[in-house]
There are 4 protein chains.
Amino acid sequence: MNETRRMPIFNAAMKVFAEKGFARATVNEIAKHAGIAKGTIYNNYKSKKKLFLALLEEGIDRLEAAVSREVARKDTILDKLEALISAQLSFFEEYRDYCKVLLSEVWGLGHRWEEQVQRLQLGYFQTIQELLEKGQAEGVICRDLETETTAAAIFGAVGVAALNRFVFAREYKYNRILQTLKQFLLNGVAK
Amino acid sequence: MNETRRMPIFNAAMKVFAEKGFARATVNEIAKHAGIAKGTIYNNYKSKKKLFLALLEEGIDRLEAAVSREVARKDTILDKLEALISAQLSFFEEYRDYCKVLLSEVWGLGHRWEEQVQRLQLGYFQTIQELLEKGQAEGVICRDLETETTAAAIFGAVGVAALNRFVFAREYKYNRILQTLKQFLLNGVAK
Amino acid sequence: MNETRRMPIFNAAMKVFAEKGFARATVNEIAKHAGIAKGTIYNNYKSKKKLFLALLEEGIDRLEAAVSREVARKDTILDKLEALISAQLSFFEEYRDYCKVLLSEVWGLGHRWEEQVQRLQLGYFQTIQELLEKGQAEGVICRDLETETTAAAIFGAVGVAALNRFVFAREYKYNRILQTLKQFLLNGVAK
Amino acid sequence: MNETRRMPIFNAAMKVFAEKGFARATVNEIAKHAGIAKGTIYNNYKSKKKLFLALLEEGIDRLEAAVSREVARKDTILDKLEALISAQLSFFEEYRDYCKVLLSEVWGLGHRWEEQVQRLQLGYFQTIQELLEKGQAEGVICRDLETETTAAAIFGAVGVAALNRFVFAREYKYNRILQTLKQFLLNGVAK
DNA sequence: GATGAATGAGCTTTCATTCAT
DNA sequence: GATGAATGAAAGCTCATTCAT
């Protein structure tokens with residue numbers, strides 16, 4: 001369980017899973033990308049599935065950490081929400097591959113993966129949801145909004161917008177997208 | 001290519017693909033769900049992939065049709081947008097399985113699927129985007145918003161909110177979710 | 001067992017078996033070539049294999065008949081042998097497809113097919129062999145030759161020469177080939 | 001691609017292909033004959049077809065090599081021809097299975113197999129043909145013979161005679177057959 | 001620990017055959 | 001008799017996993 005051995009596997013796995021999805025990715029291909037032999041992967045992860053789950057956990061941990069850090073830096077709820085959006089987008093920007101894996105395998109088919117991961121999913125949603133509820137208590141967030149739905153919607157909006165850009169976009173201007181998302185999520189589309 | 005024969009296959013396939021995803025779904029299982037033999041599937045669809053693509057096409061067609069119809073009934077842009085959100089949510093409500101398939105397989109891993117489908121994907125986004133642009137021209141939609149990103153964000157918000165409810169929710173109140181989404185997407189979270 | 005029904009099946013089967021071989025030929029394709037439905041084939045032949053065997057029997061019957069007729073017309077052994085070569089070549093010329101089927105499926109893998117067919121194979125060889133033996137008795141055929149081997153060799157020489165021309169030849173001059181074969185088989189290559 | 005691993009596969013494949021033909025032979029059966037698992041075959045040959053083609057190539061290479069060697073040892077054209085017949089027969093004697101495969105699959109249905117193999121087929125014929133032409137130039141081979149046809153006929157005579165003996169013969173006397181074939185091919189049947 | 005050849009369960013797909021219409 | 005949709009056995013091939021080196 002040497003950590004220096006695990007790192008290249010981790011990165012290679014991320015790339016291959018992102019490209020092919022869980023089922024079509026082969027352990028062999030991951031090993032080749034990592035420049036090691038197939039057996040070595042099994043010395044570090046019990047199975048392909050366990051490797052995948054480790055990826056997911058680690059990724060969600062990083063996402064939560066990044067978002068928490070940025071959110072903690074701000075004082076008002078609205079600033080915190082902006083920071084959250086910005087942090088999520090920037091995380092997806094940095095880990096494009098992971099973004100694909102996350103949206104397609106986990107949010108898409110939540111029940112396929114272990115409880116363990118589902119808890120993590122809910123964990124991240126909870127963070128958003130709590131922020132919204134605190135905002136409603138303070139009177140800066142609209143009280144009409146049902147917070148669980150809104151939390152999911154925010155995640156979905158940022159995630160799909162980001163993903164759309166990776167997959168299809170002719171040009172990708174990070175700042176323009178960030179600005180649009182902030183504006184959109186805080187104030188809606190209506191003038 | 002009897003249509004009465006294709007219908008049960010279609011439905012069974014939708015269910016199984018939604019449950020397992022494309023790769024883990026087996027043709028055998030789809031056949032069993034449809035109460036027919038494996039070979040019969042191949043009498044109606046050339047391959048597992050073709051069956052899947054037929055599902056996607058048909059689904060996107062229905063989604064576009066449902067949305068177009070509702071949108072056309074309204075006069076102002078804001079009403080049209082509300083109608084769009086409502087139609088998309090209600091479509092996902094009616095075709096829960098399809099919602100899962102769409103978000104996980106297609107938006108998640110767009111490039112894995114044929115051009116043919118990508119065009120359809122873009123098609124639906126375009127509808128939203130054009131509505132937004134017309135709104136900006138009329139002055140009812142905020143001009144700061146970059147429309148392509150916003151269109152993706154709207155789709156993602158509605159989709160993930162709906163999906164979240166199917167997969168995790170303890171209670172599912174359609175009207176509450178719809179109201180929340182409309183409020184959120186039109187006016188944002190800020191009070 | 002209508003004979004008028006069987007004829008088109010027979011012809012279509014011959015063509016398809018010759019093109020694809022027994023295993024790769026499909027009953028469906030034969031039916032399509034014959035302009036009838038698949039089920040109709042099974043009304044006339046119990047199985048694909050039975051159809052194939054019927055083809056072989058019929059073919060060998062015709063070959064034997066054609067050869068016997070020509071051989072019977074001649075008086076001397078050497079004339080009879082010439083007639084045999086000529087009749088076999090001209091039969092292969094007329095039934096090219098059959099020639100392919102015969103050489104590849106039957107002589108190639110004799111034991112794969114039923115006794116029934118093996119008897120027919122031996123039957124035709126026997127005809128040649130008996131002619132040779134009568135010739136040896138009369139003193140016009142070289143006595144050093146072991147007749148069973150020679151019979152097979154004659155059949156093989158004519159068959160492969162004919163087949164080679166169908167499959168590869170740039171130009172196909174029937175008379176030139178016939179003349180060469182006669183000369184070769186009767187007098188050998190040596191001057 | 002360990003050569004020691006490929007050898008048993010090669011031998012098992014030869015046996016099974018000879019017994020069943022290409023289409024009816026199953027990879028599983030070949031594996032069982034070789035005493036290994038199905039997957040191991042695919043570690044060594046990309047597909048069943050590739051395995052078969054490898055067999056053909058290797059076989060034709062060996063045949064050509066054996067024949068060339070024997071032919072080169074002789075000085076006169078007639079001796080070379082005798083050597084060729086003898087070498088071909090003895091090759092077929094040694095590799096009975098290969099003889100069956102070659103005659104049934106390749107000469108029988110030449111067009112089904114790749115160019116690659118067709119070139120090899122033509123290659124071997126060419127060798128015979130050139131020998132005949134040189135003989136005609138020297139005046140020891142009858143000038144009336146069209147050499148392409150004759151080459152095919154020689155191959156067919158030796159091949160079918162050999163095959164006939166493997167498949168049907170009650171007794172198999174190599175020397176008697178060889179003597180008969182030499183006599184027959186050089187001087188014909190006529191006394 | 002690292003390797004990669006060997007394994008065999010499990011998948012997609014084909015197609016001879018049946019049988020209700 | 002003719003039809004062709006339905007069937008499911010059987011085949012080729014992939015790939016996660018194991019394990020001897």
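Sequence lines set the chain letters: A, B, ... in the order given, protein chains first and strands last, and positions in each chain run from 1. Model, not experiment: these values are computed from the prediction. Values below: every heavy atom of this structure, side chains too, minus hydrogens, waters and symmetry copies.
Between D:Glu19 and D:Lys15, none of the side-chain N atoms (NZ, or NE/NH1/NH2) sits under 4.0 Å from a carboxylate O, so this pair counts as no salt bridge.
In this entry the distance linking CD of C:Glu29 with C1' of E:dA16 reads 14 Å, nearest Å. For the pair B:Lys32 NZ and E:dT12 P, the computed distance is 12 Å after rounding to whole Å. F:dG12 atom C1' lies 16 Å from atom NZ of D:Lys20, rounded to whole Å. In this structure, the CZ atom of C:Phe52 is 16 Å from the C1' atom of E:dA16, given to the nearest Å. Distance CD1 (B:Ile30) to C1' (E:dC11): 12 Å, rounded to an integer number of Å. Across the protein-nucleic acid pair, D:Asn28 atom CG and F:dG12 atom P stand 8 Å apart, rounded to whole Å. Protein atom CD1 of D:Ile9 is 11 Å distant from nucleotide atom C1' of E:dA5, rounded to whole Å. The interatomic distance linking C:Asn44 (CG) with F:dG1 (P) rounds to 8 Å, in whole Å.
In this structure, A:Lys38 and A:Val27 approach most closely via the heavy-atom pair CG-CG1, 3.7 Å. Nearest heavy atoms, B:Ala34 versus B:Pro8: CB-O, 3.8 Å. Listed here is the closest heavy atom pair of A:Ile9 and A:Ile41: CD1-CA, 4.1 Å.
A donor-acceptor contact shorter than 3.5 Å is absent between the side chain of B:Lys20 and the backbone of B:Thr26. Judged by distance alone, the side chain of B:Tyr98 and the main-chain N or O of B:Leu56 form a donor-acceptor pair under 3.5 Å. Using modelled atom types, no side-chain atom of A:Lys100 and backbone atom of A:Phe17 make a donor-acceptor pair closer than 3.5 Å. With B:Arg6 contributing its side chain and B:Asn44 its backbone, the two residues share a donor-acceptor pair below 3.5 Å.
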Listed pairs, N/O of protein and of nucleotides 19-21 of chain F, under 3.5 Å:
none

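Taking every side-chain heavy atom of A:Ala37 into account, E:dT3 is the closest of F:dA11, E:dT3, E:dT13. Minimum atom distance to the side chain of A:Thr40 is reached by E:dA2, of the listed E:dA2, E:dT17, F:dT3. Closest to the side chain of B:Val27, out of F:dA11, E:dA16, E:dT12, is E:dT12.
Remark: C:Lys49 fails to qualify as a cation-pi partner of C:Phe22 under the 6.0 Å distance and 45° angle criteria applied to the six-membered ring.
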Derivation of the side chain to side chain donor-acceptor pair (under 3.5 Å) call for B:Arg62 and B:Tyr95: CA-CA 10 Å; B:Arg62 288 192 202 174; B:Tyr95 301 100; 3.3 Å; yes
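Take the nearest nucleotide of DNA chain F for D:Ser47 and for C:Gly35: the residue whose nucleotide is more 5' is C:Gly35. In terms of position along DNA chain E, the nucleotide closest to D:Ile36 lies nearer the 5' end than the nucleotide closest to the other residue of the pair D:Ile36 and C:Lys48.
D:Ala31 comes within contact range of no nucleotide atom at all, as no heavy-atom separation falls under 4.0 Å. Backbone-only contact: A:Ala25 has heavy atoms under 4.0 Å from sugar-phosphate atoms and none from a base. Within the 4.0 angstrom heavy-atom criterion, base atoms lie near C:Lys38.
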Dot-bracket notation for DNA chain E, counting Watson-Crick and G-U pairs under 3.5 Å, with | for partners on another strand: .||||||||||||||||||||
